[in-house]
Amino acid sequence: MTLDAASQAFLVSLAKAAGPDSTPIWRMSVAEARAATARFRGLYGAGPDVGEVTDVQIPAHDGGSFRVRIIVPTTRAGAIILYLHGGGWMLEDLEGFDTLGRQLAQKSGAVVVLAEYRKAPEHPFPVPVEDAWTALRWTAAHAEELTFGGVPLFVAGDSASGNLAAVVARRSRDCGGPQLAGQILVYPLTDGDLSRPSYREEENQTLLTTAAVAWFTAHYVPEPSDRTDPDFAPLLADSLAGLPPALIITGEHDVLRDEGEAYAHRLRADGVAVDHRRWPGQMHGFFTLVNVLPGGAEVMDLIAAKIHAGRVA
């Protein structure tokens, strides 16, 4: 199957707006890439009204700090979700994911904690991992006061933050908690193996290309020997047994498709309950293009239904 009509139309509109002399992201400076990504925000809309939105600065492991945004739904919360936003470990912030967070809170009936972990290249590996881990422990420690009662805790993320979510889910197992009801991984990077077929398929070179993944990785993990560390490549962990149930979403035309699906297969082989869905006709980023692509809305509805049910697999 080719990209669906909505995705094709979106890419055509981007190409027209950028013009024939546009620069691919992997040839930009970091500042230019951040500015280019920020321009997408006008497409998303303001998001639904929610019960409350609060930003909190929390201390990091190294004496620094970072923000989290707490989004409370208008109904009594039945769960809490730590959402780690995507952007190649380098781009985006709370404002860029506010609409997604609000939709997720309202549709799932969960308190959503968006974490703005610090970014590479200023804060390379493993700083984003440590910030994600700090955010998970902070969320667990404050879950009762945020939800007025004990509710299931989920960790979620997309792309680079799907990577971080998988890493902290394993760390939670290895460190005796926090107890997770599930992990929600939307087209996660799990080993960055550029030799996989999905990286070589021309039809997958859309919003995220193979060259861009290499560029992001070089900034995030500048030391090649660190790229076999399971805290970067969770697929390379010795064992995935005992991890929380997982919902894994991949896109048919995404360069990260194969490693996300390899992670689903590996989890199942190690005895973990997994619900894997490959979304047909979709490219990388389709979930976070909120209010733009219908496929993303379908995934949002699926995640919300899973949260309401209290289990992801």
- Message: Do W133 and D231 make a side-chain contact, defined as non-hydrogen atoms from C-beta onward lying under 4.5 Å apart?
- Response: no
- Are L236 and L256 co-members of a hydrophobic cluster defined by side-chain heavy atoms under 4.5 Å apart? no
- Message: With no hydrogens and no angle check, just 3.5 Å: does a side-chain donor-acceptor pair link H284 and T206?
- Response: no
- Message: Quick check on the hydrophobic clustering: are V155 and I81 connected, directly or via other members, by side-chain heavy-atom contacts under 4.5 Å?
- Response: no
- Query: Can a salt bridge be assigned to the pair E201 and R196 using a cut-off of 4.0 Å between side-chain N and carboxylate O?
  - Reply: no
- Task: Output yes when D131 and K119 qualify as a salt bridge under the 4.0 Å nitrogen-oxygen rule, no when they do not.
- Result: no
- Task: Please check if L153 and L104 belong to a single hydrophobic cluster, counting links between Ile, Leu, Val, Met, Phe, Trp and Tyr side chain heavy atoms closer than 4.5 Å.
- Result: no
- NZ/NE/NH1/NH2 to OD/OE distance under 4.0 Å, E252 and R257: no
- Message: If the condition is salt bridge (Lys or Arg N to Asp or Glu O under 4.0 Å), which residues does D98 pass it with, not counting sequence neighbours?
- Response: R69, R102
- When M283 is tested against each of L208, N204, L293 for side-chain contact (heavy atoms from CB on, under 4.5 Å), which residue passes? L293
- May I ask you to check whether T74 and Q106 show a side-chain donor-acceptor distance below 3.5 Å? yes
- Query: What orientation do Y220 and W89 show, parallel under 30°, tilted 30 to 60°, or perpendicular over 60°?
  - Reply: parallel
- Test salt bridge (charged side-chain N to carboxylate O under 4.0 Å, His left out) applied to R34 and E122, step by step: CA-CA 13 Å; R34 288 171 176 166; E122 297 89 345; 2.9 Å; yes
- Donor-acceptor pair, side chain of R173 and main chain of A241, under 3.5 angstrom: yes
- Measure from the ring center of F66 to the ring center of Y117 and say whether it is less than 6.0 Å. no
For residues 303-311, which side-chain donor-acceptor pairs fall under 3.5 Å, sequence neighbours excluded?
residue, atom, partner, partner atom, Å
K306, NZ, D275, OD2, 2.6
K306, NZ, V312, O, 3.1
H308, NE2, K107, O, 2.8
H308, NE2, S108, O, 3.4
R311, NE, A313, O, 3.0
R311, NH2, A313, O, 2.8

- Query: Can you find a pair of side-chain heavy atoms, one from Y44 and one from L100, that are under 4.5 Å apart?
  - Reply: no
- Does a donor on one side chain sit under 3.5 Å from an acceptor on the other, for D254 and Q282? no
- Item | Ion pair R67/D93, N-O distance below 4.0 Å | no
- Say whether, by atom type as modelled, one donor and one acceptor occur between the side chain of E259 and the main chain of G192 under 3.5 angstrom. yes
- Message: To the nearest 0.5 Å, what is the distance between CG on D229 and CZ on R227?
- Response: 12.5 Å
- Item | Stepwise salt bridge (charged side-chain N to carboxylate O under 4.0 Å, His left out) check, E130 with R171 | CA-CA 10 Å; E130 297 302 333; R171 187 174 289 192; 3.0 Å; yes
- Message: Taking the basic N atoms (NZ, or NE/NH1/NH2) and the acidic carboxylate oxygens, is any pair closer than 4.0 Å for E32 and R27?
- Response: no
- Query: Any side-chain heavy atom of L180 sitting closer than 4.5 Å to one from S172?
  - Reply: yes
- Item | Within one Ile-Leu-Val-Met-Phe-Trp-Tyr cluster: V274 and V186, side-chain cutoff 4.5 Å | no
- Task: State, with a plain yes or no, whether a side-chain heavy atom of L189 is found less than 4.5 Å away from one of V213.
- Result: yes
- W26 side-chain N/O to A212 backbone N/O, donor-acceptor pair under 3.5 Å: no
- So, for F154 and Y83, is the gap between ring centers shorter than 6.0 Å? no
- Task: Check for a donor-acceptor pair, side chain of T139 on one end and backbone N or O of A135 on the other, with a separation under 3.5 Å.
- Result: yes
